[in-house]
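Note that the numbering runs from 1 along the sequence shown for the chain.
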Amino acid sequence: MMKAAGALALCAALLAGASLPAQAAPAPKAKLKIVDGMKGGPVKSVWLHCGPAGGTHPNARAACDLLRQVKGDPAQLKVSPKANCSQEIKPHAVAIAGTWHGRKVHWAKFFANACQMRAMTGPILAL
């Protein structure tokens, strides 16, 4: 009898909570799909939301901060242009597409290796 009373109380609490209006999270000001495909390796893709930072990107806050510095234009990224990268050839094809504060973003680039990719894009392509 005690279990039934407890279950009834739990159901009542859930129903009472369900009747409250849900507070929707604010829509992000930027939604970008980021894709990194390495030749002969896996293709990785994530969603990056900015304003507020989120999505499936592993370091959304840092990626959003960096994109904010270039006004959402990935072509302007040069995080560590003097990085000392090897001449190893393991090509990466990357793309970023979506919207940044109402403006469409479409950017794609090939990098000779992961070091060069990270030197130019920092945490944005650190998937």
Over all atoms of both residues, closest heavy-atom pair of P74 and W107: CB-CD2, 3.5 Å
Heavy-atom check, side chain of S45 versus side chain of K33, under 4.5 Å: yes
Between SG on residue C115 and NE2 on residue H92, distance to nearest 0.5 Å: 10.5 Å
Closest non-hydrogen atom pair between A119 and A83, with its separation: CB-CB, 3.6 Å
Atom CZ of R103 with >12 non-hydrogen neighbours under 6.0 angstrom: yes
Heavy-atom side-chain proximity of W47 to L32 below 4.5 angstrom: no
Shortest non-hydrogen separation from Q87 to N113 and the atoms involved: C-ND2, 4.3 Å
Beyond-backbone contact of M120 with V79, side-chain heavy atoms, under 4.5 angstrom: no
Side chains of F111 and T121 in contact at under 4.5 Å (non-hydrogen atoms): yes
Distance, nearest 0.5 Å, that separates CD of E88 from CD of Q116: 10.0 Å
Partners passing side-chain contact (heavy atoms from CB on, under 4.5 Å) against V70 (at least two apart in sequence or in another chain): L67, Q76, L77
Given D36, L127, V35, the one that forms side-chain contact (heavy atoms from CB on, under 4.5 Å) with V94: D36
Contact summary for A63 and I124, nearest pair of heavy atoms: O-CG1, 3.8 Å
Straight-line distance of W100 CH2 to K31 NZ, nearest 0.5 Å: 14.0 Å
Between SG on residue C50 and CZ on residue R61, distance to nearest 0.5 Å: 10.0 Å
Any donor-acceptor pair under 3.5 Å from H57 side chain to C64 backbone: no
